[in-house]
*Asks:* 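Can you keep this structure in mind? I'll have questions shortly.
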Amino acid sequence: MSPEQFGAAVLDWFDRHGRKDLPWQQDITPYRVWVSEIMLQQTQVSTVLGYFDRFMDALPSVEALAKAEEDEVLHLWTGLGYYSRARNLHKTAKVIVAEYDGIFPADVDKLAELPGIGRSTAGAIASISLGLRAPILDGNVKRVLARYVAQDGYPGEPKVARQLWEVAERFTPQQRVNHYTQAMMDLGATLCTRSRPSCLLCPLKDGCRAHLLGRETDFPVPKPRKALPQKRTLMPLLANRDGAILLYRRPSSGLWGGLWSLPELDDLAALDPLAERHALQLEDRRELPGLTHTFSHFQLAIEPWLIRVKTAPDAVAEADWLWYNLATPPRLGLAAPVKTLLKRAAAELNAGETS
């Protein structure tokens with residue numbers, strides 16, 4: 001197919017079959033498109049739906065996001081993972097308000113320079129909400145194009161990435177680029193899926209080299225696999241007489257940056273210095289079922305312990321430490337496994353009260 005035929009086939013498919021009722025496809029603004037694109041990075045549409053609506057209800061504009069406390073932003077993001085995305089959203093909102101008077105720049109290069117956006121997300125914002133001709137290359141589009149041209153090599157390699165960007169640029173049409181961009185993302189999400197592509201329904205099947213070769217699932221070439229290293233940690237859930245759990249805020253950079261978490265210890269012997277630091281008297285302790293959390297570069301085996309403590313009457317909480325009330329929890333950003341462990345602790349504590 002020529003680029004013109006390619007674009008026409010994609011747009012015809014979009015008119016007949018493309019999704020047009022997703023929340024971020026209504027009342028289209030650069031802000032709504034941007035938030036949805038960041039949420040959709042490495043996350044399925046079905047997961048994002050509820051998060052997007054809650055985020056927009058709480059922070060309906062870039063000005064509202066810029067003014068929000070980081071804890072509120074991370075709270076709204078809790079469970080979506082990859083929390084640097086939320087922190088970068090917050091940073092970028094402040095930049096747009098401070099440097100652009102709250103108006104997203106109608107320039108792909110300027111958009112791509114903002115924290116956490118990058119070239120593909122900039123292209124999506126520019127094309128979908130601003131009507132600018134700009135190619136994109138998110139995971140779904142990368143899969144469609146890599147199969148269409150039977151692209152050799154892992155797309156994470158700079159040379160391969162450049163080649164795919166050239167393909168994306170070549171096929172992006174001059175007209176209706178907003179619909180084309182949405183259609184390409186839809187094709188990858190609904191037909192040109194990773195493991196079982198629905199090639200017979202695809203508008204590009206007649207020109208798709210991977211399909212003609214019968215090698216659809218060979219493209220894009222996967223990243224070479226490496227065994228994930230294993231790490232372990234002991235997480236104490238220190239519960240006071242009111243049933244509140246001691247949490248601390250992690251540093252803003254690094255793993256779970258800026259989120260509230262449980263202390264991490266090497267073993268139970270390390271409890272004594274922690275108790276002394278916070279003027280705690282350790283009482284009953286019980287090991288809870290373990291939990292394994294997989295990060296992109298390692299697996300963390302968590303050994304949780306529910307430990308009853310008695311606090312000194314005159315003890316003052318340190319900065320970046322707090323007692324998290326399980327009955328009326330504050331709006332804080334929590335790492336997903338910590339949120340799970342807090343639910344388990346609440347169930348254990350409630351069961352103890354009723355038994």
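Keep in mind that the numbers below use all heavy atoms, side chains included, and drop hydrogens, waters and symmetry copies.
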*Asks:* Under 4.5 Å between any side-chain heavy atoms of Pro197 and Arg147, yes or no?
*Replies:* yes

*Asks:* Is a donor from one side chain sitting under 3.5 angstrom from an acceptor on the other, for Tyr83 and Arg85?
*Replies:*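 Per modelled atom types, Tyr83 and Arg85 side chains form no pair under 3.5 Å.
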
*Asks:* Ring centroids only, cut at 6.0 angstrom: are Phe295 and Trp256 within range, meaning strictly under it?
*Replies:* yes

*Asks:* Please check if atom NZ in Lys20 has more than 12 non-hydrogen atoms from other residues, nucleotides or ligands closer than 6.0 Å.
*Replies:*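 It does: Lys20 NZ has more than 12 such atoms within range.
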
*Asks:* Using the ring centroid of each side chain, check whether Phe55 and Phe52 are separated by less than 6.0 Å.
*Replies:*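 Phe55 vs Phe52: aromatic centres not under 6.0 Å.
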
*Asks:* With a cut-off of 6.0 Å (strictly less than), are more than 12 heavy atoms of other residues, nucleotides or ligands near CG of Asp57?
*Replies:*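 Above 12, so yes.
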
*Asks:* I need the Ile307 CD1 to Leu246 CG distance, nearest 0.5 Å.
*Replies:*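 Going from CD1 on Ile307 over to CG on Leu246, the span is 11.0 Å.
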
*Asks:* Compute both the distance and the angle, then confirm whether Lys223 meets the cation-pi test with Tyr154: under 6.0 Å from the six-membered ring centre, within 45 degrees of the axis.
*Replies:*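 No, Lys223 does not sit over the ring of Tyr154.
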
*Asks:* Under 6.0 Å between ring centres, would you say that holds for Trp77 and Tyr51?
*Replies:* no

*Asks:* Hey, what's the ring geometry for Trp321 with His278, parallel, tilted or perpendicular (30° and 60° as the breaks)?
*Replies:*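 Ring orientation of Trp321 relative to His278: tilted.
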
*Asks:* For Asp267, does the CG atom have more than 12 heavy-atom neighbours from other residues, nucleotides or ligands under 6.0 Å away?
*Replies:*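 Correct, the count exceeds 12.
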
*Asks:* Can you tell whether the side chains of Glu72 and Arg331 come within less than 4.0 Å, N to carboxylate O?
*Replies:*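 Salt bridge flag = yes for Arg331 with Glu72.
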
*Asks:* Rounded at 0.5 Å granularity, tell me how far NZ in Lys142 sits from CD in Gln151.
*Replies:* 11.0 Å

*Asks:* When rounded to the nearest 0.5 angstrom, what distance separates CG in Leu137 from CD in Glu166?
*Replies:*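 So the CG of Leu137 and the CD of Glu166 are separated by 11.5 Å.
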
*Asks:* Evaluate the criterion salt bridge (Lys or Arg N to Asp or Glu O under 4.0 Å) for residue pair Asp107 and Lys110; output intermediate values, then yes/no.
*Replies:* CA-CA 5 Å; Asp107 182 297; Lys110 288 182 178 179; 5.3 Å; no

*Asks:* Rounded to the nearest 0.5 Å, what's the gap from CZ on Arg249 to CG on Leu332? Could you check?
*Replies:* 7.5 Å

*Asks:* Would Glu283 and Arg241 count as a salt bridge (Lys or Arg N to Asp or Glu O under 4.0 Å) if you check the C-alpha gap in whole Å, the side-chain angles of each, and the deciding distance to 0.1 Å?
*Replies:* CA-CA 11 Å; Glu283 298 182 329; Arg241 295 291 176 86; 2.9 Å; yes

*Asks:* Pro173 versus Arg133: any side-chain heavy-atom pair under 4.5 Å?
*Replies:*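 Answer no - side chains too far apart.
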
*Asks:* Using a 4.5 Å cut-off on heavy atoms from C-beta on, say whether the side chain of Asn140 contacts that of Leu187.
*Replies:* no

*Asks:* Show your working on side chain to side chain contact (heavy atoms under 4.5 Å, CB included) between Glu264 and Leu234 and close with a plain yes or no.
*Replies:* CA-CA 6 Å; Glu264 295 184 36; Leu234 185 148; over 6 Å; no

*Asks:* May I ask whether Phe171 and Leu204 are part of the same hydrophobic cluster, defined by side-chain heavy atoms of I, L, V, M, F, W, Y residues being less than 4.5 angstrom apart, directly or through others?
*Replies:* yes

*Asks:* How far apart are the closest heavy atoms of Val73 and Ala86, and which atoms are they?
*Replies:* CG1-O, 3.8 Å

*Asks:* Under 4.5 Å between side-chain heavy atoms, hopping through other hydrophobics if needed: is there a path connecting Trp13 to Leu11?
*Replies:* yes

*Asks:* Do you know the tightest heavy-atom contact between Leu265 and Pro236?
*Replies:*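 So the minimum-distance heavy-atom pair works out to CD1-CG, 3.8 Å.
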
*Asks:* So, Thr121 and Gln41: side-chain donor and acceptor under 3.5 Å apart, yes or no?
*Replies:*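 Yes, because at least one side-chain N or O of Thr121 sits under 3.5 Å from a partner of the opposite role on Gln41.
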
*Asks:* How close do Asn325 and Thr328 get, heavy atom to heavy atom, and via which atoms?
*Replies:*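 Scanning both residues, the minimum pair turns out to be OD1-N, 3.1 Å.
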
*Asks:* So do the side chains of Leu238 and Leu282 get within less than 4.5 Å of each other, counting heavy atoms only?
*Replies:*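 Leu238 reaches Leu282 side chain to side chain.
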
*Asks:* For the residue pair Leu271 and Arg285, establish whether any side-chain heavy-atom pair is separated by less than 4.5 Å.
*Replies:*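 In short, these two side chains touch, coming nearer than 4.5 Å.
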
*Asks:* Does a salt bridge link Lys94 with Glu63, judged by any charged N lying under 4.0 Å from a carboxylate O?
*Replies:* no

*Asks:* Go through the side-chain N and O atoms of Thr294 and Gln299 and say whether any donor and acceptor fall under 3.5 Å apart.
*Replies:*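 Side-chain D/A pair, Thr294 to Gln299: present.
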
*Asks:* Taking Asp186 first and then Arg19, would you say they form a salt bridge - that is, a charged N and a carboxylate O separated by under 4.0 Å?
*Replies:*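 Arg19 and Asp186: salt-bridged.
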
*Asks:* For the pair Ile96 and Leu114, evaluate side chain to side chain contact (heavy atoms under 4.5 Å, CB included) and give the outcome as yes or no after the intermediate values.
*Replies:* CA-CA 9 Å; Ile96 290 172; Leu114 295 167; 4.2 Å; yes

*Asks:* List the atom of Pro203, the atom of Ala9, and the distance in Å for their closest heavy-atom pair.
*Replies:* CB-O, 3.7 Å

*Asks:* Tell me whether Ile28 is reachable from Val108 by hopping between hydrophobic residues (I, L, V, M, F, W, Y) whose side-chain heavy atoms are closer than 4.5 Å.
*Replies:*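 No: no chain of side-chain contacts under 4.5 Å links Val108 to Ile28.
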
*Asks:* What's the verdict on side chain to side chain contact (heavy atoms under 4.5 Å, CB included) for Trp24 and Leu49, showing C-alpha distance, side-chain angles and the deciding distance?
*Replies:* CA-CA 9 Å; Trp24 44 89; Leu49 289 172; 3.9 Å; yes

*Asks:* Going by heavy atoms in the side chains, are Val144 and Met184 under 4.5 Å from each other?
*Replies:*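 Yes; the side chains approach each other to less than 4.5 Å.
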
*Asks:* Tell me, yes or no, whether the heavy-atom count around Gln175 atom CD, taken from other residues, nucleotides or ligands under 6.0 Å, exceeds 12.
*Replies:* no

*Asks:* Would you kindly confirm whether Met185 and Leu164 end up in one hydrophobic cluster when ILVMFWY residues are joined by side chain heavy atoms under 4.5 Å apart?
*Replies:* yes

*Asks:* With a 3.5 Å distance limit and no angle check, can you tell me whether Thr340 reaches the backbone of Ala336 through a side-chain donor-acceptor pair?
*Replies:* yes

*Asks:* Determine, step by step, whether Trp260 and Asp320 satisfy the side chain to side chain donor-acceptor pair (under 3.5 Å) criterion, reporting the C-alpha distance in whole Å, the side-chain angles of both residues, the deciding distance to 0.1 Å, and the verdict.
*Replies:* CA-CA 9 Å; Trp260 290 85; Asp320 292 331; over 6 Å; no

*Asks:* Using distance alone, with no hydrogens and no angle criterion, decide if Gln182 and Asn178 have a side-chain donor and acceptor under 3.5 Å apart.
*Replies:*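 Short answer, no.
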
*Asks:* Tell me whether the count of non-hydrogen atoms from other residues, nucleotides or ligands lying under 6.0 Å of CD in Glu69 goes above 12.
*Replies:*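 Not buried by this count: 12 neighbours or fewer within 6.0 Å.
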
*Asks:* Honestly curious: do Phe104 and Val177 fall in one hydrophobic cluster under the side-chain, below-4.5 Å linking rule?
*Replies:*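 Phe104 does not cluster with Val177.
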
*Asks:* Run the side chain to side chain contact (heavy atoms under 4.5 Å, CB included) check on Leu111 and Trp34 step by step: do they pass?
*Replies:* CA-CA 10 Å; Leu111 287 169; Trp34 167 53; over 6 Å; no

*Asks:* Are Glu157 and Arg162 within salt-bridge range, i.e. N to O under 4.0 Å?
*Replies:* no

*Asks:* Check whether the side chains of Glu303 and Trp305 place a donor and an acceptor atom closer than 3.5 Å, and report yes or no.
*Replies:*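 There is such a pair (donor and acceptor under 3.5 Å, judged by atom type) between the side chains of Glu303 and Trp305.
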
*Asks:* Kindly indicate whether the side chain of Met235, heavy atoms from C-beta on, has any atom under 4.5 Å from the side chain of Thr233.
*Replies:*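 Sidechains of Thr233 and Met235: in contact.
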
*Asks:* Please determine whether salt bridge (Lys or Arg N to Asp or Glu O under 4.0 Å) holds for the pair Arg176 and Asp15, giving the CA-CA distance in whole Å, both sets of side-chain angles, and the decisive distance to 0.1 Å.
*Replies:* CA-CA 11 Å; Arg176 294 186 63 192; Asp15 289 340; 2.6 Å; yes

*Asks:* Tell me yes or no: between the side chains of Arg87 and His90, is some donor less than 3.5 Å from an acceptor?
*Replies:* no

*Asks:* Search all heavy atoms of Ala106 against all heavy atoms of Leu130 and return the closest pair with its distance.
*Replies:*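 Scanning both residues completely, I find the closest heavy atoms to be CA-CD1, 3.8 Å.
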
*Asks:* Just wondering, more than 12 heavy atoms not from Gln230 lying within 6.0 Å of its CD?
*Replies:*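 Yes - once you tally the heavy atoms of other residues, nucleotides and ligands closer than 6.0 Å, there are more than 12.
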
*Asks:* Which value, rounded to the nearest 0.5 Å, describes the distance between Leu349 atom CG and Leu237 atom CG?
*Replies:*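 So the CG of Leu349 and the CG of Leu237 are separated by 9.0 Å.
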
*Asks:* Once rounded to the nearest 0.5 Å, what's the spacing between atom NE2 of His211 and atom SG of Cys199?
*Replies:*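 Answer for the NE2-SG pair, His211 versus Cys199, is 5.5 Å.
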
*Asks:* Taking the side chain as every heavy atom from C-beta outward, state whether Ile125 and Ile117 have any atom pair closer than 4.5 Å.
*Replies:* yes

*Asks:* Can you confirm if the aromatic rings of Phe219 and Tyr148 lie within a centre distance of less than 6.0 Å?
*Replies:*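 Here the rings of Phe219 and Tyr148 have centres that are no less than 6.0 Å from each other.
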
*Asks:* Look at atom CZ of Arg170 and say whether more than 12 heavy atoms of other residues, nucleotides or ligands are closer to it than 6.0 Å.
*Replies:* yes

